[in-house]
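One structure is given here, and the rest of the page talks about it.
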Amino acid sequence: MAAGRLIIKTEFLPTKYRGYMLPLSQVFWLAGSLLIIGLASVVIPTIGWRWLIRIASIPGIILILAFKFIPESARFNVSTGNTQAALATLEHIAKMNRSVMPEGRLVEPILEKRGRFADLLDAKYLRTTLQIWVIWLGISFAYYGVILASAELLERDLVCGSRSESEVVVTVGDTEGSQSPCHCHMFAPSDYQTMIISTIGEIALNPFNILGINFLGRRLSLSITMGCTALFFLLLNICTSSAGLIGFLFMLRALVAANFNTIYIYTAEVYPTTMRALGMGTSGSLCRIGAMVAPFISQVLMSASFLGALCLFSSVCIVCAISAFTLPIETKGRALQQIK
């Protein structure tokens with residue numbers, strides 16, 4: 001869903017505005033994140049987490065109904081020969097902007113072949129595709145790792161990487177002597193406040209992220225923020241106060257959000273229209289793999305070796321920073337490609 005709406009926005013926005021407008025959509029992601037934390041602080045202590053999931057699913061159902069009001073990309077319609085639909089969309093846009101359509105007619109070669117998976121691995125895009133996949137996997141791994149590690153640090157009071165004395169041991173199953181640590185006590189109001197503060201960090205670096213994307217370029221901007229993400233993961237191991245921990249989590253959330261902003265824009269810009277949705281879709285699949293692996297590191301490995309988990313997150317970020325810096329194509333100021 002996220003990839004689809006970004007592709008549509010990318011294809012509608014002029015080149016000079018993409019680097020500014022696409023990162024600003026992060027504000028709505030932030031609003032949703034803050035809303036779910038606030039909702040959780042009220043719903044979980046009263047009627048339970050299952051009701052939180054039920055309530056949180058309502059906007060998604062409404063969104064399904066709202067999709068019918070979203071116009072199809074004019075670029076896509078032209079590429080498939082549906083010029084009438086493309087003209088109708090452009091005329092609607094001109095009307096909304098109190099402007100008029102320029103004279104002339106839409107001329108674009110009709111594409112007989114749509115994008116195929118093999119096109120992503122074609123010699124022209126092979127290196128770009130493989131490096132993008134590595135970056136997407138790593139960014140997702142770091143993003144969800146930060147979120148889950150935040151909850152783990154707060155729940156177990158691992159400010160200095162030591163196990164909390166309040167750890168509760170419960171018996172699992174019927175086997176005598178089989179025990180497992182359980183860390184399922186409720187968040188205190190102060191924990192929710194910490195989550196809200198760290199989540200606000202996702203918008204904190206947005207102005208600097210926009211400047212970096214537009215003046216340094218997509219590749220260099222991404223490599224810098226990925227490198228800083230690696231550094232702040234290691235800083236979590238420093239024995240610090242609660243305020244210091246909140247500050248580190250705040251910066252980490254800001255950096256991982258900036259990483260996502262940049263790679264979303266780069267991936268949508270680097271592929272031509274025939275392959276754009278395919279490129280974003282396969283990258284999203286790698287993103288999901290990173291998200292699936294993150295809980296095992298943030299909640300399982302972190303229990304056994306706090307520093308080991310942080311070093312793993314940091315190492316992945318360093319690999320992503322190098323991969324971003326060495327991407328073969330810079331898309332800053334580059335017009336969207338229509339065909340391969």
Side-chain angles (χ1 to χ4, degrees), residues 1-6 9 22-70 139-159 164 166 168 182-206 209 236 242-243 245-261 264 284 287-288 290-292 294-299 302:
M1 185 183 295
R5 53 97 176 163
L6 189 99
K9 285 192 292 185
L22 294 177
L24 288 178
S25 63
Q26 184 71 20
V27 173
F28 298 96
W29 179 277
L30 171 68
S33 299
L34 293 176
L35 179 61
I36 197 66
I37 295 172
L39 194 63
S41 67
V42 175
V43 174
I44 292 179
T46 53
I47 55 179
W49 63 269
R50 289 180 177 84
W51 273 104
L52 176 65
I53 294 176
R54 291 166 186 155
I55 296 171
S57 65
I58 294 174
I61 297 172
I62 296 173
L63 190 60
I64 293 174
L65 302 176
F67 277 143
K68 63 179 293 184
F69 300 104
I70 299 176
I139 289 177
S140 175
F141 178 67
Y143 180 84
Y144 291 101
V146 170
I147 294 174
L148 294 169
S150 301
E152 190 76 0
L153 287 166
L154 294 171
E155 188 175 345
R156 300 180 56 189
D157 194 24
L158 290 179
V159 174
S164 171
S166 62
V168 179
C182 177
H183 312 281
C184 299
H185 62 271
M186 302 287 286
F187 269 22
S190 59
D191 295 328
Y192 286 110
Q193 292 172 10
T194 300
M195 292 291 286
I196 288 174
I197 293 171
S198 62
T199 301
I200 291 174
E202 293 201 13
I203 204 68
L205 289 185
N206 225 15
N209 186 217
L236 280 180
S242 178
L245 174 64
I246 292 173
F248 288 148
L249 291 176
F250 183 91
M251 284 303 300
L252 267 174
R253 291 292 289 267
L255 289 165
V256 294
N259 296 335
F260 255 130
N261 278 343
Y264 261 123
C287 177
R288 299 298 176 265
M292 288 189 290
F296 293 96
I297 309 303
S298 293
Q299 298 181 320
M302 192 168 282

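With values rounded to the nearest 0.5 angstrom, I147 atom CD1 is found 11.0 Å from L249 atom CG. The line from CG of L255 to CD1 of I139 is 11.5 Å long, rounded to the nearest 0.5 Å. The line from CD1 of I246 to CD1 of I196 is 11.5 Å long, rounded to the nearest 0.5 Å. Put simply, CD1 on I58 and CD1 on I53 are 13.0 Å apart, with the number rounded to the nearest 0.5 Å. Atom CG in N206 sits 5.5 Å away from atom CG in N261 (nearest 0.5 Å).
Identified under the salt bridge (charged side-chain N to carboxylate O under 4.0 Å, His left out) test for residues 247-257, with sequence neighbours left out: E202-R253.
Listed here is the closest heavy atom pair of I36 and A56: CD1-CB, 3.7 Å. The minimum heavy-atom distance between I200 and F250, with the atom names listed, is C-CE1, 4.1 Å. Closest non-hydrogen pair, A291 versus Y144, comes out as CB-CD1, 3.6 Å. Considering all non-hydrogen atoms of both residues, A40 and P45 come closest at O-CD, 3.4 Å.
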**Report entry** Derivation of the side-chain contact (heavy atoms from CB on, under 4.5 Å) call for L148 and I297
**Finding:** CA-CA 9 Å; L148 294 169; I297 309 303; over 6 Å; no

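Here the side chain of S140 pairs a donor or acceptor atom with the backbone of C287 at under 3.5 angstrom. Side chain of S298 to main chain of G145: a donor-acceptor pair is present (N/O by atom type, distance under 3.5 Å, no hydrogens or angles).
Here I55 pairs with L39, V43 under the side chain to side chain contact (heavy atoms under 4.5 Å, CB included) rule; sequence neighbours left out.
Two residues are said to be in side-chain contact when any heavy atoms from C-beta on lie closer than 4.5 Å; N259 and Y143 fail this criterion. Contact check for L236 versus L252: side-chain heavy atoms found under the 4.5 Å cut-off.
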